[in-house]
Amino acid sequence: LTSLYGFVMGFAVDNLGVKMSLVVGSILQLGSRLLLTFSGSRFVVKAIIYTLLPMGSALQIPVMTLGIRRYTNDTNRSFAYSLFYAVMNVAALLSGWLV
């Protein structure tokens, strides 16, 4: 669903810009996770999982790579991508262990 929302929300990223897309995506992620925490209804949980979470991810994950490409130059771009993917992999490794 994140890819589908990413395709649909591409116009929002173009109109909002990198910074505002990341801010809106973070707010959507935070709000949806808080709603999931305090929700007691199955319908609400499914609605959040199928709408707000993928929408927030679509406004964050591809936009981060776009921001790296846009705000780096040729000399430091490879280091920025390497650091980005290293942090993503370490976070994935630790999240599985911590959760």
Side-chain angles (χ1 to χ4, degrees):
L1 279 175
T2 300
S3 298
L4 178 66
Y5 277 107
F7 182 72
V8 173
M9 296 295 289
F11 75 93
V13 172
D14 292 337
N15 291 332
L16 290 174
V18 173
K19 182 179 178 181
M20 280 306 294
S21 294
L22 289 172
V23 169
V24 170
S26 297
I27 290 170
L28 279 172
Q29 287 285 337
L30 178 67
S32 62
R33 290 175 195 272
L34 285 174
L35 285 172
L36 281 174
T37 302
F38 298 114
S39 176
S41 168
R42 247 186 165 164
F43 175 76
V44 173
V45 168
K46 285 183 181 180
I48 291 169
I49 288 174
Y50 292 135
T51 57
L52 293 178
L53 278 175
M55 196 178 302
S57 294
L59 286 174
Q60 284 185 317
I61 296 168
V63 177
M64 283 188 249
T65 57
L66 176 68
I68 291 171
R69 185 173 58 104
R70 185 175 292 176
Y71 297 118
T72 58
N73 55 32
D74 291 334
T75 58
N76 61 4
R77 186 168 296 144
S78 63
F79 176 73
Y81 275 116
S82 300
L83 185 63
F84 172 69
Y85 283 112
V87 168
M88 292 285 280
N89 288 328
V90 169
L93 177 73
L94 292 178
S95 68
W97 183 69
L98 292 174
V99 173

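Heavy atoms only: backbone and side chains are in, while hydrogens, waters and symmetry mates are out.
Applying the side-chain contact (heavy atoms from CB on, under 4.5 Å) test to Y85 and every residue at least two apart in sequence or in another chain returns T65, Y81. Shown here are the side chain to side chain donor-acceptor pair (under 3.5 Å) partners of N89, two or more places apart in sequence or in another chain: there are none. In terms of the side-chain contact (heavy atoms from CB on, under 4.5 Å) criterion, residue partners of L35 (sequence neighbours excluded) are, by chain and number, I48, L52. Checked against side-chain contact (heavy atoms from CB on, under 4.5 Å), A47 has no partners two or more places apart in sequence or in another chain. Under the side-chain contact (heavy atoms from CB on, under 4.5 Å) criterion, S41 pairs with S39, F43, V44, not counting sequence neighbours. Every salt bridge (charged side-chain N to carboxylate O under 4.0 Å, His left out) that R77 has, sequence neighbours left out, goes to D74.
Distance OH/Y71 to NZ/K19: 9.5 Å, rounded to 0.5 Å.
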Donor-acceptor pairs under 3.5 angstrom involving side-chain atoms of residues 90-97: please list them, not counting sequence neighbours.
from : atom 1 : to  : atom 2 : distance (Å)
S95  : OG     : A91 : O      : 3.3
S95  : OG     : A92 : O      : 3.0

Return all side-chain donor-acceptor pairs below 3.5 angstrom for residues 23-33, not counting sequence neighbours, or 'none' if the list is empty.
from : atom 1 : to  : atom 2 : distance (Å)
S26  : OG     : L22 : O      : 2.8
S26  : OG     : Q60 : NE2    : 2.8
Q29  : OE1    : R33 : NE     : 3.2
Q29  : OE1    : R33 : NH2    : 3.0
Q29  : NE2    : L53 : O      : 3.0
Q29  : NE2    : S57 : OG     : 2.9
S32  : OG     : L28 : O      : 2.8
S32  : OG     : Q29 : O      : 3.0

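Nearest approach of S21 to A12, heavy atoms of both residues: OG-O, 4.2 Å. In plain terms, the two heavy atoms of V63 and L59 that are nearest each other are CG2-O, 3.5 Å. Between A80 and I68 the shortest heavy-atom distance is CB-CG2, 3.8 Å.
Linking ILVMFWY side-chain heavy atoms closer than 4.5 Å, directly or via other members, places M20 and M9 in a single hydrophobic cluster.
Within the structure, salt bridge (Lys or Arg N to Asp or Glu O under 4.0 Å) contacts touching residues 85-99 (residues at least two apart or in different chains) do not occur.
Annotation: side chain of T51 is in contact with side chain of Y5 (closest heavy-atom distance under 4.5 Å).
Side-chain heavy-atom separations under 4.5 angstrom define the hydrophobic clusters, and F11 shares its cluster with no other residue.
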